[in-house]
Amino acid sequence: MDFVEKRLTERAKRGDREAFAELVEIYKDKIFQLAYRMVGNRQDAEDIAQETFLRVYANLHTYDSSYKFSTWIYRIATNLCIDRGRKKRPDFSLDEEVEPGQGLDWYSRLSSSERTPEDKVVTQELQQTVQDALSHLQPKYRSIMILRYIEDLSLQEISDIVKLPITTIKTRIHRGREALRSKLRLM
């Protein structure tokens with residue numbers, strides 16, 4: 001895959017729009033999932049994914065091909081998510097009545113033909129609990145936890161994305177797990 005990505009990025013740097021479209025096709029779902037898990041909102045995640053690809057396109061000439069393309073694009077997306085989190089404050093009222101199912105996206109309601117409705121509800125509640133706990137972590141821990149456990153990136157890849165030493169990444173993973181564990185106990 002690295003060879004294919006390298007060829008596509010070189011072609012895209014020379015202005016080949018089809019090559020760039022192929023890169024978008026390869027990464028669109030991955031970037032959306034990363035953004036969704038970091039911001040917890042489908043619309044914001046879509047906006048961040050779109051902004052990521054706009055920035056990649058605008059700055060493709062600055063991409064250093066000695067690094068993996070995935071590292072570069074994940075760094076852009078992660079930084080956009082963190083920036084969005086800094087700018088956006090919760091806009092909810094504790095007095096507002098909430099309708100059942102409000103705030104859930106369409107994908108979280110999809111059912112599998114093999115699971116019972118009870119299994120689906122339990123799984124959905126567990127996913128929502130974990131997502132809520134993740135969203136309450138400090139951004140420096142949340143981004144590392146998502147990149148490591150959800151995107152399944154290596155410590156070196158995470159280090160390249162967030163520009164921190166591997167020892168710091170290990171420490172943040174440990175502290176992030178501890179913080180997540182304590183938040184899950186409270187929920």
Side-chain angles (χ1 to χ4, degrees), residues 1-88 91 103-112 123-124 127-128 130-132 134-135 137 139-164 166 169 172-173 176:
M1 186 58 130
D2 290 340
F3 176 72
V4 172
E5 285 179 6
K6 200 168 222 170
R7 279 191 23 230
L8 288 173
T9 55
E10 289 304 318
R11 285 177 41 208
K13 275 182 164 182
R14 292 190 303 265
D16 185 342
R17 290 181 182 215
E18 288 181 24
F20 184 75
E22 288 182 50
L23 287 171
V24 170
E25 191 62 36
I26 291 169
Y27 283 99
K28 68 179 181 182
D29 293 334
K30 295 174 184 178
I31 296 299
F32 171 78
Q33 289 299 322
L34 170 71
Y36 182 74
R37 286 194 166 74
M38 286 189 72
V39 299
N41 177 304
R42 182 173 180 77
Q43 288 77 26
D44 287 346
E46 288 172 351
D47 290 345
I48 289 168
Q50 185 175 15
E51 179 67 22
T52 298
F53 290 111
L54 289 172
R55 289 197 183 184
V56 166
Y57 187 77
N59 297 300
L60 200 54
H61 64 282
T62 66
Y63 166 65
D64 181 359
S65 57
S66 64
Y67 295 101
K68 289 177 69 173
F69 182 76
S70 61
T71 301
W72 187 59
I73 195 168
Y74 276 127
R75 184 179 332 123
I76 292 169
T78 301
N79 288 341
L80 286 170
C81 290
I82 291 170
D83 289 347
R84 177 71 56 110
R86 287 180 188 146
K87 293 176 186 172
K88 187 170 184 178
D91 56 346
L104 300 176
D105 67 347
W106 187 77
Y107 289 106
S108 65
R109 297 181 193 175
L110 284 178
S111 64
S112 170
T123 300
Q124 187 177 16
Q127 288 173 343
Q128 188 62 47
V130 171
Q131 180 65 38
D132 289 346
L134 270 174
S135 69
L137 289 179
K140 66 182 180 180
Y141 298 130
R142 181 179 32 208
S143 62
I144 300 295
M145 298 295 285
I146 290 170
L147 291 171
R148 179 70 177 141
Y149 294 109
I150 296 177
E151 296 301 325
D152 200 28
L153 297 179
S154 70
L155 295 175
Q156 184 61 53
E157 289 172 320
I158 296 170
S159 174
D160 292 342
I161 290 169
V162 297
K163 297 287 189 197
L164 293 171
I166 291 179
I169 301 298
R172 288 190 180 180
I173 288 172

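Any value given below was found using the heavy atoms of this structure, including those in side chains, with hydrogens, waters and symmetry copies removed. Numbers for residues simply follow the sequence, beginning at 1.
Residues forming a salt bridge (Lys or Arg N to Asp or Glu O under 4.0 Å) with E51 (at least two apart in sequence, or on another chain): R55. Every residue meeting the salt bridge (Lys or Arg N to Asp or Glu O under 4.0 Å) condition with E157, not counting sequence neighbours, appears here in chain and number order: K68. Here K28 pairs with E25 under the salt bridge (Lys or Arg N to Asp or Glu O under 4.0 Å) rule; sequence neighbours left out. With sequence neighbours left out, D16 forms a side chain to side chain donor-acceptor pair (under 3.5 Å) with R11. With sequence neighbours left out, I166 forms a side chain to side chain contact (heavy atoms under 4.5 Å, CB included) with L155, Q156, S159, K170. Residues meeting the side chain to side chain contact (heavy atoms under 4.5 Å, CB included) test with D29, sequence neighbours left out: none. Taking the side chain to side chain donor-acceptor pair (under 3.5 Å) definition, one finds that R75 meets it with nothing, sequence neighbours left out. For the side chain to side chain contact (heavy atoms under 4.5 Å, CB included) test, residues two or more places apart in sequence or in another chain that qualify with Y149 are M145, I173, R177. For the side chain to side chain donor-acceptor pair (under 3.5 Å) test, residues two or more places apart in sequence or in another chain that qualify with S66 are D64. Residues forming a salt bridge (Lys or Arg N to Asp or Glu O under 4.0 Å) with E10 (at least two apart in sequence, or on another chain): none. The side chain to side chain contact (heavy atoms under 4.5 Å, CB included) test applied to A35 returns A45, I48, C81, not counting sequence neighbours. Among residues two or more places apart in sequence or in another chain, the side chain to side chain donor-acceptor pair (under 3.5 Å) test is passed with Q50 by none.
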- Message: side-chain contact (heavy atoms from CB on, under 4.5 Å) for I31 and Y74? Distances and angles first, verdict last.
- Response: CA-CA 7 Å; I31 296 299; Y74 276 127; 4.1 Å; yes

- Query: Where do W72 and T62 land on the side-chain contact (heavy atoms from CB on, under 4.5 Å) test, with the steps shown first?
  - Reply: CA-CA 10 Å; W72 187 59; T62 66; 4.1 Å; yes

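Two residues are said to be in side-chain contact when any heavy atoms from C-beta on lie closer than 4.5 Å; Q33 and I150 fail this criterion. Inter-residue side-chain proximity for V56 and Y63 is flagged as unmet; no heavy-atom pair is nearer than 4.5 Å. Residues M38 and L134 have side chains not in contact (no heavy-atom distance under 4.5 Å, counting atoms from C-beta outward). Side-chain contact between K6 and F69 is absent, with no heavy atoms from C-beta onward closer than 4.5 Å. Counting heavy atoms from C-beta outward, L34 and K30 have side chains that stay 4.5 Å or more apart. Using a 4.5 Å heavy-atom threshold, the side chains of T52 and F32 count as separate. R172 is listed as a side-chain neighbour of L164, based on a closest heavy-atom distance under 4.5 Å.
Taking the six-membered ring where tryptophan is involved, the planes of F20 and F53 are perpendicular, since the angle between them exceeds 60° and thus also 30°.
Interatomic distance, R14 CZ to T9 OG1, rounded to the nearest 0.5 Å: 9.5 Å.
Between E5 and L23, the closest heavy-atom pair is O-CD2, 4.4 Å. Annotation for A19 and A12: closest pair CB-N, 3.8 Å, computed over non-hydrogen atoms. Taking both residues in full, the closest heavy atoms of G40 and Q131 are given as CA-NE2, 3.7 Å, listed atom of the first, atom of the second, then distance.
Listed for the R148 side chain is a donor-acceptor partner under 3.5 Å among the backbone atoms of L153.
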